[in-house]
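Scroll down for the structure; my scribbles are underneath it.
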Amino acid sequence: MRAAVFRTRGGGLVDEFGMKDASWSETANQAETVSVVIDLDSGSEGGRDWRNLGTEWKHSIALDFHGRLLGGPIMPHNFDNDKGELKLAVRGGRILFTRHSILPVAAMPPRSPTLPNGDLDTTLDTTLAGFDLGTIAKKIGEQACLWPGRDYPIDWPADRAGTHEKTYAAIDRKKVEAAWTDLSRLENGPDIRLALVRDGADAFRWRFQSGTQQQPRLQGDDVFAWELGMGSSLQVQTNPTMMGSLAWSQGGRSDDKALVRGQYDSTLVDAGYPLLEIETDASVNTVDPDTLNSQNAEALRTAKKPWEFWSFKVRADRSPFPYEYGPGSLIAVNVTKDTKVSGGYVAPGTYPRRIAGLSGGLDEWITITCGEYYDG
């Protein structure tokens, strides 16, 4: 397996290289993580100028894992002289937007989001109305890329009409990636992904993808099935920390006021559970009560039982292949009566699940982590 270095701005290929080791992981609605280890004592890689080739932020790395491309800007270096190794940390293209504020180009200094008298310059606020949430996510990303030095090779899809409206105050300088995360956490909030793709033989691009108002999850029509067996030992982890009946969200800081909304669902209490409270991840700068209500509803939607994640390994060189599925895909996990499950912890049956994350390395195996499938 080989990897490639490309320019973060423009996407042009710089060089290809071999790796001593590599690992990667991908989780829904997050920038993927890639780690590559380069043998600097080898004849092929030791002669390269890795201080230049591995320039942080300016250069990116693309890792091709059986047709599934992962990667983005180079982050920290870790050089070990005793081992003759250089380890490069890489994050997906989404990581760029952790450093981009939701501001129009007109806000470029020396202009300030405050007026000379100290009042806020609200003409620099970003207000988007009449779109679905995925399009709002796209448009704040597009706006960020209008600034100088952000000529990233990103394919932005056409706008989609919807019923939502969002305002981002310039004074908050909220980061685009944080806003994307908030949008995904709303009730029926969309999955948001920057997928790395090839752009001909000598370049790479990112493709912005988001769920729609009708189908917020990024999933195809296919349901991929695996039967647990040899090499696919099942790991199960449960997490009850987000169970609850009463959800709270708090905002209002942007208006210098307190804004608190709560929502109660009696399902667990009626079933004999104690009354547990949940604090959502709502932004403290939220000023729209409907946004807080939506985050409460989304938190309670999945709070009626412990979060449960299953992990198992499958061959990456057999159908279905890694480029066919990804985080968000629907799968069916088949546990047969012949599957060895200690203590019968998981009964035989076919279990609908949704892929939450993927991970792998240089070998032919890929680890699938999947969570509950919540209909709707």
Side-chain angles (χ1 to χ4, degrees), residues 1 21-30 32-35 37 65-66 68 70 191 217-220 222-245 265 267-276 278 298-376:
M1 182 189 304
D21 197 9
S23 62
W24 60 272
S25 64
E26 184 180 7
T27 304
N29 298 313
Q30 297 180 25
E32 63 263 36
T33 298
V34 176
S35 175
V37 178
F65 184 78
H66 293 273
R68 187 172 193 83
L70 305 110
D191 285 343
R217 302 283 78 81
L218 283 174
Q219 64 186 51
D222 295 330
V223 177
F224 302 95
W226 283 277
E227 180 177 315
L228 298 185
M230 186 176 299
S232 300
S233 179
L234 178 65
Q235 307 286 328
V236 178
Q237 290 186 334
T238 66
N239 182 355
T241 58
M242 291 306 294
M243 293 179 67
S245 302
D265 184 318
T267 302
L268 289 177
V269 173
D270 293 342
Y273 288 83
L275 173 57
L276 303 173
I278 307 169
E298 179 63 17
L300 290 174
R301 184 177 71 92
T302 60
K304 298 178 180 63
K305 55 184 174 180
W307 289 5
E308 184 165 313
F309 294 96
W310 293 14
S311 296
F312 56 93
K313 291 185 176 182
V314 299
R315 297 281 302 192
D317 56 350
R318 298 176 185 171
S319 180
F321 297 102
Y323 60 82
E324 298 180 79
Y325 54 85
S329 294
L330 296 179
I331 65 173
V333 182
N334 298 319
V335 180
T336 72
K337 60 182 179 61
D338 297 322
T339 304
K340 182 180 179 181
V341 179
S342 297
Y345 188 77
V346 176
T350 299
Y351 295 86
R353 290 289 185 269
R354 190 189 302 278
I355 294 179
L358 304 172
S359 61
L362 288 183
D363 60 18
E364 302 302 323
W365 292 93
I366 184 169
T367 298
I368 294 177
T369 299
C370 53
E372 294 272 3
Y373 169 51
Y374 297 94
D375 187 19

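Worth knowing before you read on, the calculation uses all heavy atoms, side chains too, and leaves out hydrogens, waters and symmetry mates.
- Remark: Gln237 CD is loosely packed, at most 12 non-hydrogen atoms of other residues, nucleotides or ligands lying under 6.0 Å away.
- Going from atom CZ of Phe309 over to atom CZ of Arg353 covers 10.5 Å, rounded to the nearest 0.5 Å.
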Review point. Can Leu228 and Val333 be said to form a side-chain contact (heavy atoms from CB on, under 4.5 Å), step by step?
Key: CA-CA 7 Å; Leu228 298 185; Val333 182; 3.9 Å; yes
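- Pairs engaging residues 337-348 under the side-chain hydrogen bond (donor to acceptor under 3.5 Å, both in side chains) rule: Thr336-Thr339 [sequence neighbours left out].
- Of all the heavy atoms in Ala303 and Ile278, the pair that sits closest is CB-CD1, 3.7 Å.
- The main-chain N or O of Thr302 is found under 3.5 Å from a side-chain atom of Trp307 such that the two form a donor-acceptor pair.
- Under the 4.5 Å side-chain criterion, counting only non-hydrogen atoms from C-beta, Leu358 is in contact with Arg68.
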Point to revise | Steps toward side-chain contact (heavy atoms from CB on, under 4.5 Å) verdict (Ile368, Ser311) | key: CA-CA 5 Å; Ile368 294 177; Ser311 296; over 6 Å; no
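- In this structure Asn29 satisfies the side-chain hydrogen bond (donor to acceptor under 3.5 Å, both in side chains) test together with Asp191, sequence neighbours excluded.
- With rounding to the nearest 0.5 angstrom, the CG atom of Leu330 is 4.0 Å from the CD atom of Gln219.
- Once rounded to the nearest 0.5 Å, the distance linking OG of Ser359 with CD of Glu32 reads 13.0 Å.
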Practice item. Step by step, work out the side-chain contact (heavy atoms from CB on, under 4.5 Å) result for Lys305 and Met242. Key: CA-CA 8 Å; Lys305 55 184 174 180; Met242 291 306 294; over 6 Å; no
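- Here the closest heavy-atom approach between residue Pro327 and residue Ala356 is recorded as CB-O, 4.1 Å.
- Asp222 is linked by a side-chain hydrogen bond (donor to acceptor under 3.5 Å, both in side chains) to nothing, counting only residues two or more places apart in sequence or in another chain.
- Here Leu362 contributes atom CG and Trp24 contributes atom CH2; the two are 12.0 Å apart, rounded to the nearest 0.5 Å.
- Leu276 CG to Thr241 OG1: the interatomic distance, rounded to the nearest 0.5 Å, is 10.5 Å.
- Arg354 contributes a side-chain N or O that, together with a main-chain N or O of Gly328, makes up a donor-acceptor pair within less than 3.5 Å.
- Side-chain contact, Thr350 with Asn334: a donor N or O sits under 3.5 Å from an acceptor N or O.
- For Thr367, there are no side-chain hydrogen bond (donor to acceptor under 3.5 Å, both in side chains) partners, not counting sequence neighbours.
- Distance CG/Leu300 to CE/Met243: 12.0 Å, rounded to 0.5 Å.
- Considering all non-hydrogen atoms of both residues, Leu268 and Lys304 come closest at CD2-O, 3.2 Å.
- Taking both residues in full, the closest heavy atoms of Pro320 and Phe224 are given as CB-CD2, 3.6 Å, listed atom of the first, atom of the second, then distance.
- Nearest approach of Leu70 to Phe65, heavy atoms of both residues: CD1-CB, 4.3 Å.
- Contacts classified as side-chain hydrogen bond (donor to acceptor under 3.5 Å, both in side chains) and involving residues 316-330 (residues at least two apart or in different chains) are given here: Arg315-Asp317.
- A pairwise comparison of heavy atoms in Ser245 and Val269 identifies OG-CG2, 3.7 Å as the closest pair.
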Review point. Hey, mind stepping through Phe312 and Ile366 against side-chain contact (heavy atoms from CB on, under 4.5 Å) and telling me if it holds?
Key: CA-CA 8 Å; Phe312 56 93; Ile366 184 169; over 6 Å; no
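- The ring-ring contact (aromatic ring centres under 6.0 Å, His included) check on Tyr351 picks up Trp310, with sequence neighbours excluded.
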